[in-house]
Amino acid sequence: TLPPTWSPHTCDLQHNKVRCEIPHVRDAPGMGQGAWATVGYERGELLGELVGELAPIDHYNDGWAADLFRDDLSKDGKEVRWCQVYPCYMGNWVCKVNPSCESNCIFKSMNISGRWRVMLQATQPIERGSWILVNYGEDYWKDGDRCLCGSRYCIINSA
């Protein structure tokens, strides 16, 4: 668990890692811009926070919003959709992470330093010089958009 004073805007000294580097945002072939790892990451490591406007659930439906879930609002500890984080107008590099059906990260709602945040967490080791990728989920592709990840496990191959 993270110490109560940890902030996603500071270096993580808890695990003796002084990691303040921000991934590069660069053109991703066929997918616009994407995030490219400038350092290696371990499984479970937090890469950054998705920042943006907080909006009511389903306020934005253009594919940019991420749902923020809270597990402290239900008696049984189940996650409750609380609001959306909309990074389109005031986001950071995390909003440039491209979708892939073979992702290496997830968006995870977490309470850090007393505030709920949508964090980007590595689900497997990520090598320096690799794309940082998230599975946007099946619901993202329901409105006729087509996944462009090119993975052999791509959602368009199972349709």
Practice problem: Let me know which of Tyr41, Trp36, Trp131 forms a side chain to side chain contact (heavy atoms under 4.5 Å, CB included) with Pro23. | Solution: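 Filter result, single survivor: Tyr41.
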Quiz item: What distance do Leu120 atom CG and Leu46 atom CG have between them, rounded to the nearest 0.5 Å?
Solution: 8.5 Å
Quiz item: Measuring from Leu68:CG to Glu79:CD, what's the distance to the nearest 0.5 Å?
Solution: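 So the gap between those two atoms works out to 9.5 Å.
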Exercise. Specify the closest pair of heavy atoms between Ala28 and Asn98, including all atoms of both residues, with the distance to one decimal.
Key: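 Minimum heavy-atom contact is CB-ND2, 3.3 Å.
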Side-chain donor-acceptor pairs of residues 122-130 under 3.5 Å, sequence neighbours excluded:
unit_1	atom_1	unit_2	atom_2	d
Thr123	OG1	Asn104	O	3.1
Arg128	NE	Thr38	O	3.1
Ser130	OG	Glu127	O	3.0

Quiz item: Leu47 and Cys105: side-chain contact (heavy atoms from CB on, under 4.5 Å), yes or no, with the steps?
Solution: CA-CA 9 Å; Leu47 283 68; Cys105 290; 4.1 Å; yes
Exercise. Using the rule that two of Ile, Leu, Val, Met, Phe, Trp, Tyr join whenever any of their side-chain heavy atoms come within less than 4.5 Å, decide whether Val94 and Ile22 are in one cluster.
Key: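 Same hydrophobic cluster.
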Quiz item: In the single-linkage hydrophobic clustering (I, L, V, M, F, W, Y; side-chain heavy atoms under 4.5 Å), do Val39 and Leu133 co-cluster?
Solution: no
Self-check item: Heavy-atom side-chain proximity of Ser109 to Met119 below 4.5 angstrom
Solution: no
Under 3.5 Å, which donor-acceptor pairs do the side chains of residues 80-91 form with other protein atoms, sequence neighbours left out?
unit_1	atom_1	unit_2	atom_2	d
Arg81	NE	Asp67	OD2	3.0
Arg81	NH2	Asp58	OD1	2.9
Gln84	OE1	His59	N	3.2
Gln84	OE1	Tyr60	N	3.0
Gln84	NE2	Tyr60	O	3.1
Tyr86	OH	Asp62	OD2	2.5

Exercise. Show the numbers, then the answer: is there a side-chain contact (heavy atoms from CB on, under 4.5 Å) between Ser100 and Asn135?
Key: CA-CA 5 Å; Ser100 177; Asn135 187 330; over 6 Å; no
Exercise. Can you run down the salt bridge (Lys or Arg N to Asp or Glu O under 4.0 Å) pairs that involve residues 89-114, sequence neighbours left out, and say none if there aren't any?
Key: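 Every pair satisfying salt bridge (Lys or Arg N to Asp or Glu O under 4.0 Å) with a residue in residues 89-114: there are none.
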Quiz item: Sequence neighbours excluded, which residues qualify as side-chain contact (heavy atoms from CB on, under 4.5 Å) partners of Lys75?
Solution: none
Quiz item: Sequence neighbours excluded, which residues qualify as side-chain hydrogen bond (donor to acceptor under 3.5 Å, both in side chains) partners of Asp27?
Solution: none
Quiz item: Can any side-chain N or O of Arg117 pair as donor or acceptor with the backbone N or O of Ile112 at less than 3.5 Å?
Solution: yes
Quiz prompt | Pairs satisfying ring pair (Phe, Tyr, Trp, His ring centres under 6.0 Å), at least one member in residues 91-127, at least two apart | solution =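 Found none.
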